[in-house]
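First up is the structure itself, then whatever we jot down about it.
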Amino acid sequence: MQHIIAKLKKSPHILILGLIAALSFTLNFYAISNNGTGNEYYAACIKSMTLSFKNFFFVSFDPAGMVSVDKPPLGLWMQAISVLIFGYHGWAMLLPQALAGAASTVMIYILTAKHFGRPTGLISSLIFAVTPVVVVASRNNTIDMQLVFVLLAAAWFLFRSIDSGKWKYLFWAAVFVGLGFNIKMLQAYMILPAMALTYLLFAKEKLGRRFLAGILSMIIVLGVSFAW
């Protein structure tokens, strides 16, 4: 315990970031049961998904497993797993989004602090945490915040690839964009033009290798996107 306290004294930004993340989760989750089951269409799907592995895998809307819901599986899988752990409650379905919102707050700090300093990172994460649209998106079951989190992770891997010159981080960025597609389809691809332009402009390798890395990354994006 003393070691942890000493570390926090040397790095107070960690404590402040933890408090901001806690604030974010509180705003996202406090009295969330008042929202009931959120979107009833997705709530019915989650109920069906918990009845059998077939329904879970195919994201079945109906208990008989005849109709799939109009979304890819990943975001709804997270909700179904939460329900399987905690029981079929509205808050259990909404929990993954609340957690994704708090995790996104931390990602905002990580992305900002590296290039603009810790104070700016903390301010950015706090503003993100208390932004009304972020809180609202984190308190329903339409899985937008899960998409935001994986795309922020993709951005982090992209910058890591540029800083280090290693393709493996770019490939991980591609994986996370593909995961984003499996949360909310083409909305995940909206980040791709900015990612491609950023990599082509700022990567440290020769232009030909940048294009090759980009082509391989797109293959990974498509492979992960359509794997299911």
Treating Ile, Leu, Val, Met, Phe, Trp and Tyr as nodes and any side-chain heavy-atom pair under 4.5 angstrom as an edge, say whether Y199 and F202 lie in one connected cluster.
yes

Does some side-chain heavy atom of V83 sit less than 4.5 Å from a side-chain heavy atom of Q79?
no

Mind checking whether Y109 and V106 have side chains closer than 4.5 Å, heavy atoms only?
no

Around F58, counting heavy atoms of other residues, nucleotides and ligands shown, do more than 12 lie under 6.0 Å from its CZ?
no

Residue pair I220 / V224, side-chain heavy-atom distance below 4.5 Å
yes

Atom CZ of F57 with >12 non-hydrogen neighbours under 6.0 angstrom
yes

On a heavy-atom basis, the closest approach of K204 and I162 is CE-O, 3.5 Å

Within the structure provided, determine whether Q97 and R139 are in side-chain contact (heavy-atom separation under 4.5 Å).
no

Distance from L151 atom CG to I183 atom CD1, nearest 0.5 Å?
7.5 Å

ring-ring contact (aromatic ring centres under 6.0 Å, His included) between F86 and W91: does it pass, once the steps are laid out?
CA-CA 9 Å; F86 299 109; W91 64 264; 5.4 Å; yes

Mind running ring-ring contact (aromatic ring centres under 6.0 Å, His included) on F181 and F226 for me, showing each step along the way?
CA-CA 8 Å; F181 181 90; F226 298 108; 5.1 Å; yes

Can you list the steps and then say if Y42 with T37 is a side chain to side chain donor-acceptor pair (under 3.5 Å)?
CA-CA 9 Å; Y42 296 124; T37 56; over 6 Å; no

Contact between V134 and M145 at the side-chain level, heavy atoms closer than 4.5 Å - yes or no?
yes

How far does CD1 of I14 sit from CG of L19, to the nearest 0.5 angstrom?
12.0 Å

Co-membership, hydrophobic cluster, residues M93 and I85, 4.5 Å side-chain
yes

Between F211 and E205, does a side chain to side chain contact (heavy atoms under 4.5 Å, CB included) hold up when you go through it step by step?
CA-CA 10 Å; F211 276 107; E205 298 177 312; over 6 Å; no

Around atom CE of M190, are there more than 12 heavy atoms from other residues, nucleotides or ligands closer than 6.0 Å?
no

K47 to Y88 six-membered ring, cation-pi geometry met (6.0 Å, 45°):
yes

If you define the side chain from C-beta out and look only at heavy atoms, does anything of F25 sit under 4.5 Å from L95?
yes

Under 6.0 Å from the CE atom of M218, do we count more than 12 heavy atoms belonging to anything else shown?
yes

Report the C-alpha distance between D163 and H115 in whole Å, list the side-chain angles of each, state the deciding distance to 0.1 Å, and finish with yes or no for side chain to side chain contact (heavy atoms under 4.5 Å, CB included).
CA-CA 11 Å; D163 292 338; H115 298 283; 4.1 Å; yes

Can you confirm whether or not the ring centre of F61 sits under 6.0 Å from the ring centre of Y41?
yes

For M49 and V59, work out which heavy atoms get closest and say how close.
SD-CG1, 3.9 Å

Could you tell me how the ring of W77 sits relative to the ring of F56: parallel (under 30°), tilted (30 to 60°) or perpendicular (over 60°)?
parallel

Test item: L170 and R160 side chains (from C-beta on) under 4.5 Å apart, heavy atoms
no

Under 3.5 Å, side chain of D144 to main-chain N/O of A137, donor-acceptor pair present?
no

Heavy-atom side-chain contact between S24 and F128 under 4.5 Å
no

State the CD1-CG distance between I46 and L76, to the nearest 0.5 angstrom.
4.5 Å

Smallest heavy-atom separation, A129 atom then L27 atom, equals O-CD1, 3.7 Å

Under a 4.5 Å side-chain heavy-atom rule over Ile, Leu, Val, Met, Phe, Trp and Tyr, are I110 and F176 clustered together?
yes

Kindly indicate, with the supporting measurements, whether the criterion side chain to side chain contact (heavy atoms under 4.5 Å, CB included) is fulfilled by N140 and N39.
CA-CA 7 Å; N140 62 53; N39 185 299; over 6 Å; no

